[in-house]
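As C-alpha cells, the structure follows; a few thoughts come after it.
None of these values were measured; they are calculated from a predicted model.
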Amino acid sequence: MAADSPVRFIDAFVDDLDLGEAGFHRSRPKATGRPGYAPGDMLKLYLYGYLNRVRSSRRLEAEAMRNLELIWLLRGLRPDYKTIADFRRDNRSAFKAVFRAFVILCRKLDLFGRELLAVDGTRLKAVNNPGRNFSRDKLARYIAAADERLEGYLVELDAIDRGEDGHGLGRGEALAAKIARVRERRQAQAAMLEQLTASGESQISLTDRDARAMVAGQKTTVGYNAQVAVDAKHKLIVEQHVTNAATDMGLLASTAGAAKEALGVDRIAAVADMGYYKGEDIEACEAAGITPYVARPERGSAIANGRFPKERFAYDPAADAYRCPGGQLLDTRYRSVTRGHVSIQYSSPAACAACAIKARCTGSRWRRINRWENEAVLERMAKRLAARPGVLAIRRETVEHPFGSIKQWMNQGVFLMRGLEKVRAEFSLTALAYNLRRAITIIGIPGLIQAVRA
C-alpha cells in the first residue's frame, strides 16, 4: 500500500479514537459468545466509502470483496450489506463525535483561522416523494375536490337509477366503484388533517415522517435543512447539524455558537445571508461573544408602492424619537407586544395631518413607525456591514465551496436514510469526508498520520 494512500490515515485515525467514549455500541466485546465485527473496522469501511463517493451498504459490501485498499484496511473482513447498514443505523448518534474529533485534529494542525465563520444552510432531498407530503392547505383542497367529485358522481348515479341516462347498468357499477375509491381516499386525507390539527404540525410526510417540504432554489423539495459553519481560512467545516426547519431564520446563534465552542475562542465573527436576519437571534449572537454580519432583507411593500423605506426615518437615540422625511419629529410612543416580540410605535398625529408628502409616508392609517425595543442591535450591525462591505462576498465564496463539493463532486444531494436522527448521522459522515479531503489536499497523508500519532 502506497505511503500516501488515504487508507493509511483512516486506519491510524480510527485506531486513535476512543470508540466507547464516542458512543459506539460493542466497542468492548463480551467475554462469551461469538464476537461481532469490531466497530472500528466498520467505521473505517464507512469513512473510506464516503471519502470515495460510495455510500450504499450493498456497494460497500461489493467493494470490501474486490477493492485492494479496503481488503488491506479491513484485513480481509467481508461484512454483508445488512451488517454494514445496521452499523450505521445503530450507531447514528456516535458519528457526530467522530466529526468533532477530526475538528480537534484540524485545530492541532492550525488549519482554522478562528477569526471568521460563514454560516449557511442547504436543502437536501429526503427519501420522500413530493406527492406523499401533505400540508393542511393541501389536504383541505383535496378534501374539497373529493366532495365536489362525489357530488357529481352521486347526481349522475341518481340519473342512472331513474333511467335518464343511456349508459345502462355497466356505467352505474363503474360509478359505484369510483365513489368507493374517492371516499376511501377522502377518509384517509381527513384522518391526516385531523392528525395535523391535533399535533400542531404544519406538514405530514408518509415515507419519511420527519421530512418537510421546503423551498430549494426555484422549486420546492421534500427534505432536510443542513446547516454548516465554515472557517474562512481553509473552508473547513467546523460545525454541522441537520434540521427539518423550512427556513434558516433563528438558526444563526446556535450554529455559530457551537462552532465557536469547537474552536475554543472567546470571540469570533460570523457572516450569514439575509435568510438569518432575526433580531432576537442576532442579539443572542452578541451575548455569546459572536460578532454577526447579516445582510438586511428588503421586506414589505413600501418601495414597490412608491412609499419611503424605513431607512429614510432617522432615529435620534437621545430624544428617543424619529425624524421623518418631511423633517417632523415623531415622538408620540405606543408599546405593543406580538407573539412575545415587543415593539414601540412612533408617530406625530398633528404633524402628519397637514403634511404635504403624507401619501408617500407609511401605509399605516396612523402614520406610525415601528421599532423593535432592542433595535440598537441591528443598527450596530448595519454600521459594521457599512465599514466592512466585502465580508458578504467572503461568505459566499467560503460557504459555497463545501456545498458545491458535497452536492456535485461527492454526489450527496440526496439522503439515503429516513428519519431526522439517521439523516444527521449520514450528514456527519458527509461533512467528515469533505473535511478529510480538504485536509489531505492541504497537509498530505504523512502529515496527518504524524499529527495523529504525536
Side-chain angles (χ1 to χ4, degrees), residues 6-52 54-65 67 69-105 124 126-127 208-211 224 226 237 239-244 258 261-262 412 415-436 452:
V7 295
R8 290 191 177 275
F9 171 71
I10 293 173
D11 188 51
F13 175 65
V14 174
D15 286 346
D16 188 61
L17 293 174
D18 187 334
L19 298 179
E21 184 179 346
F24 285 95
H25 298 303
R26 300 171 184 166
S27 58
R28 295 175 179 81
K30 295 181 179 179
T32 58
R34 183 176 179 179
Y37 286 99
D41 291 330
M42 302 301 293
L43 179 58
K44 291 175 185 178
L45 174 60
Y46 266 112
L47 290 183
Y48 181 88
Y50 273 71
L51 188 62
N52 290 277
V54 180
R55 294 186 294 156
S56 162
S57 58
R58 290 182 183 272
R59 288 190 60 198
L60 286 172
E61 177 190 17
E63 291 298 312
M65 296 180 183
N67 186 305
E69 288 185 324
L70 266 183
I71 291 172
W72 178 89
L73 184 62
L74 300 182
R75 301 181 304 281
L77 294 175
R78 296 183 176 183
D80 61 67
Y81 74 90
K82 188 176 185 309
T83 301
I84 297 170
D86 287 348
F87 173 79
R88 182 169 53 184
R89 181 199 65 200
D90 296 340
N91 295 281
R92 55 185 178 270
S93 61
F95 292 110
K96 184 71 175 279
V98 180
F99 169 82
R100 286 174 174 161
F102 191 74
V103 168
I104 293 173
L105 179 64
L124 301 176
V127 186
D208 184 345
R209 293 285 178 177
D210 294 333
Y224 293 93
I237 299 174
E239 169 62 17
Q240 51 78 26
H241 69 277
V242 179
T243 175
N244 57 8
E261 183 180 349
Q412 296 187 22
F415 287 113
L416 301 180
M417 305 181 75
R418 304 176 188 178
L420 183 57
E421 291 303 318
K422 295 177 184 177
V423 162
R424 284 173 173 166
E426 200 176 341
F427 193 72
S428 290
L429 285 168
T430 296
L432 175 55
Y434 166 81
N435 276 357
L436 180 54
V452 168

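Nearest heavy atom pair, residue A126 against residue A211, reads CB-CB, 3.7 Å. Contact record, V54 with E63: CG1-CG, 4.4 Å, taken as the closest heavy-atom pair. Considering all non-hydrogen atoms of both residues, L124 and A226 come closest at CD1-CB, 4.1 Å. Taking all atoms of both residues into account, the shortest heavy-atom contact from I84 to M42 is CA-CE, 3.6 Å. What you find for A64 and L70 is that their closest heavy atoms are N-CD1, 3.9 Å. Here the shortest heavy-atom pairing between P6 and L51 reads CB-CD2, 3.8 Å.
S93 and E421 share no side-chain donor-acceptor pair at under 3.5 Å. Defined by atom type and a distance below 3.5 Å, a donor-acceptor pair is missing between the side-chain atoms of T83 and D86.
Side-chain contact between M417 and V127: absent, with no pair of heavy atoms (C-beta onward) separated by less than 4.5 Å. Side-chain contact check for R92 versus R424: every heavy-atom pair is 4.5 Å or farther apart. No side-chain heavy atom of L436 sits under 4.5 Å from any side-chain heavy atom of F13. Between N91 and P39, the closest side-chain pair of non-hydrogen atoms is not below 4.5 Å.
Checking side-chain atoms of D11 against main-chain N and O of L73 turns up no donor-acceptor pair under 3.5 Å. Between the D208 side chain and the G419 main chain, a donor and an acceptor come within less than 3.5 Å of each other.
Residue E426 holds its CD atom at 14.5 Å from CZ of R89, rounded to the nearest 0.5 Å. Between atom CD of residue E61 and atom CG of residue L45 there is a gap of 10.0 Å, rounded to the nearest 0.5 Å. To the nearest 0.5 Å, atom NE2 of residue H25 and atom CG of residue L19 are 12.5 Å apart. Here the CZ atom belonging to R55 is positioned 10.0 Å from the CG atom belonging to L429, to the nearest 0.5 angstrom. Here the CG-CG distance, from L47 to N52, works out to 11.0 Å after rounding to the nearest 0.5 Å. Atom CG of L60 sits about 12.0 Å away from atom CG of D80, to the nearest 0.5 Å.
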### Task
Check the pair F95 / F427 against side chain to side chain contact (heavy atoms under 4.5 Å, CB included), numbers first and verdict last.
CA-CA 9 Å; F95 292 110; F427 193 72; over 6 Å; no
### Task
Show your working on side chain to side chain contact (heavy atoms under 4.5 Å, CB included) between K96 and E239 and close with a plain yes or no.
CA-CA 10 Å; K96 184 71 175 279; E239 169 62 17; 3.4 Å; yes
### Verdict with supporting geometry, V423 and D210, side chain to side chain contact (heavy atoms under 4.5 Å, CB included)
CA-CA 10 Å; V423 162; D210 294 333; over 6 Å; no
### Task
Start with the C-alpha distance between Y50 and L432, add both sets of side-chain angles, then the distance that settles side chain to side chain contact (heavy atoms under 4.5 Å, CB included), and finish with yes or no.
CA-CA 9 Å; Y50 273 71; L432 175 55; over 6 Å; no
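The aromatic ring centroids of F87 and F24 lie less than 6.0 Å from each other.
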